[in-house]
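Mind looking over this structure? Questions follow.
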Amino acid sequence: MDFPYLFSSISVRNMELRNRIVMTAMHLGYTPEGEVTDQLVGFYEARAKGGVGLIIVGGCPIDEYGGMAGMIGLNHDRFIPGLKRLTSAVQAHGAKIAAQLYQAGRYTHSAMIGGRKPFSASAVRSRLTGETPRALEIHEIPAVQDKFAEAALRAKKAGFDAVEILGSAGYLICQFLSPLTNKRDDEYGGPLENRMRFGLEVVQKVRSAVGPDYPILMRIAGNDFMEGSHTNREARIFASELEKVGVDLFNVTGGWHETRVPQLTMFVPRRAYVYLAQGIKSAVSVPVLASNRINDPAIGEEIIRNGEADLVTMARALLADPELPNKAKEGKAHLIYHCVACNQGCFDNIFQLRPASCLVNPRAGKEGELALEPAPKVKKVLVIGGGPAGMKAACIAAERGHKVILMERGDQLGGQILLNRQIPGRQEMLMVAKDLERNLPALGVDIRLHQEAERSIVEEIHPDVVVVATGAQPIRPDIPGAEGPNVVQAWEVLAGRRGVGGRIVIVGGNAVGLETALYLANVGTLSPDVLHFLVTNRAETWDFIEERLNKGNKEVIVVEMAGRMGQDIGLSSRWTVMAELRRLGVALMTATKAVSISEGGVEVEKADGKGFIKADSVVLAMGSRAEAKIADDIRDLVQEVYVIGDAKEPRNALEAIREGFIVGLNI
Ligand code: SF4
């Protein structure tokens, strides 16, 4: 077997797991009323079938004060029958299932709890909600802790194999633990010993409720990543005390929701926070679960083999590919569709109160309605265009039994996704193309590169169906000077086909413009390898290193007509892009219209009048237009012609892949 450590069993108190892969709790939005739905059962059943060891569901609010709409209800006995249906469906496929006990304290929005004021350790304003909670009176504390115990017992009655107490991310238990949010002067405030009391008592009460044999897991922050709050040092002390009162496994993650350190985006390197789990592991004797950005079985195997942690979290990784464990176990790891931490389908949807989906797996959350049935009649399908939409359509059509030819005019598959190669923090996107590319031959798709789509070729192939996925072309705006020799398209820069001068104006501040700015502003900064070399050898002063990390050899200015930059970037990623641009000193000018371009720069118009920005090069990032001419050329030749992805209308990769999937399903 390729991954012997990952696929070895492990016991957590009386719970035996078949492997070390854990799907930790994710808010999915599949339970609008708190009741378990068919959608939720179908989703988790698919992951259990796919071979995961343990699924943790939730957060499950323990009371009426600390949750939000659409979470899995665990605060009333009426939820038990539905929860039983969920636990049985998962357990029927050999996986174990745990419920996460959730109380968000000051992270709760009053609007989510009927206008009531949320409570916390102290009345410290939450940056997340903009609200100030009320401090719990000391006599109220036992009742809040009792709710954890009642919910745990309810979970046990509903058939869950374990419970996980949520003590990370800045939620209620963290709020008692941290000096930032605990300003109390009673026995729950002051020194660490007192601040730990609330969490320790919660565990004690849960243990009394569920009995001595039932596993209790706890998710903790390995470092709050909040100035003045806890680091891994205090987290280790807390974990060691928690173990004494009955915690059987620690699920270690990064910081709070209010932290400025990214936790989940592509900017976070793979396995970045494993060191936090390793720190906790040094302080406890029970198993430790490492979390965040572990998206491949090889990484999991390495972590466990190295003794850095005992289990690994693959939550978004299993949203992206429920079959990941089975594929890894059966020697088909090369066919895994990896989570690329784009957050476009999952968190960005959740933040807009929409159910979670996935960029690479449009079936996520729709397991019932989007089943991959064999095609009733096998057809010859020609897909024109090897971008994400075309590749997905080809994969799904082939998986359903059609004979598929994929034609691409370039020398490699991937389309616009390949432009991410140069963008710092975006390279993970290339994995989307790589994964599709590796699945195509395994599904029997006939790939033809360097093949321009022409009517004569289509005539020769004589397909029953043509899928046009020819993408888009960048727009050259009608601005005087836009054809000048100093003007280049952002796509040409990102593809490495055109160089630029030292001072650059980028016209257009949506995703492509900002990502091009990130790329250009990074040119000339220290690479990770050189940084490591300089630091470990103490070759330069820290001030010098910091200066060279944050400043490259180009001056970059972005001008955008709208009042806001990056409007097409999802909420979960936009702030990290903006923070990086600020760090790199990129000048961002909103409400600024480029009116003409000359050899020396760009003339702009703003509310207070005209101005001129000097530039050696001007980069255009003003959107793209659909490119689907071939569709009209062949309509009389082929009965079924579909136009998908950017060829239909330029949008993001999420839409392109979803359309490819749907068309593949409908042929
Ligand atoms: Fe991962 Fe993106 Fe899918 Fe979310 S939408 S699970 S981040 S690939």
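Every number for a ligand or one of its atoms is a count from 1 in the order of the listing. Atoms considered below: every heavy atom in the structure, side chains included; atoms not considered: hydrogens, waters and symmetry mates. Model, not experiment: these values are computed from the prediction.
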Checklist entry - Would you call the rings of F225 and Y273 parallel, tilted or perpendicular if under 30° counts as parallel and over 60° as perpendicular? => result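 Judged by the thresholds at 30° and 60°, the geometry between F225 and Y273 is tilted.
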
Item to check | Protein heavy-atom partner closest to atom 1 (Fe) of ligand 1 - residue, atom, separation in Å | outcome: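 Its nearest protein heavy-atom neighbour is C339 SG, 2.4 Å.
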
Checklist entry - So, R363 side chain and L370 main chain: donor-acceptor pair closer than 3.5 Å or not? => result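 Yes, the answer is positive, given that a donor and an acceptor are paired below the 3.5 Å cut-off.
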
Checklist entry - R316 pairs by side-chain hydrogen bond (donor to acceptor under 3.5 Å, both in side chains) with which of N295, N292, T24, N343? => result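 Only one option passes, and that is N343.
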
Item to check | Enumerated ligand 1 atoms positioned under 4.0 Å from heavy atoms of N343 | outcome: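 Matching atoms, with element in brackets: 2 (Fe), 7 (S).
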
Checklist entry - Against heavy atoms of G345, which atoms of ligand 1 measure under 4.0 Å? => result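 This gives 5 (S) as the contact atoms.
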
Next on the checklist: Are the side chains of N223 and V261 in contact, using a 4.5 Å heavy-atom criterion?
Outcome noted: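 With C-beta onward as the side chain, the pair stays apart.
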
Checklist entry - What is the closest protein heavy atom to atom 2 (Fe) of ligand 1, and at what distance does it sit? => result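 Ranking protein heavy atoms by distance from atom 2 (Fe) of ligand 1, first comes C342 SG, 2.4 Å.
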
Next on the checklist: Do V577 and F267 have side chains that approach each other closer than 4.5 Å (heavy atoms only, starting at C-beta)?
Outcome noted: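 Yes, their side chains come closer than 4.5 Å.
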
Checklist entry - What is the closest protein heavy atom to atom 8 (S) of ligand 1, and at what distance does it sit? => result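 Ranked first by proximity to atom 8 (S) of ligand 1 is V340 N, 3.5 Å.
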
Checklist entry - Checking only N/O/S atoms, does C358 have one that is under 2.8 Å from atom 3 (Fe) of ligand 1? => result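 Coordinating: yes.
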
Checklist entry - What protein heavy atom sits nearest atom 4 (Fe) of ligand 1, and how far off is it? => result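 Protein heavy atom with the smallest distance to atom 4 (Fe) of ligand 1: C346 SG, 2.3 Å.
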
Checklist entry - Which atoms of ligand 1 are found less than 4.0 Å from any heavy atom of L359? => result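 So the answer, numbered in order with elements, is 3 (Fe), 5 (S).
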
Item to check | Check: T253/S291 side-chain N/O donor and acceptor closer than 3.5 Å | outcome: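 Not at all, the side chains of T253 and S291 share no donor-acceptor pair under 3.5 Å.
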
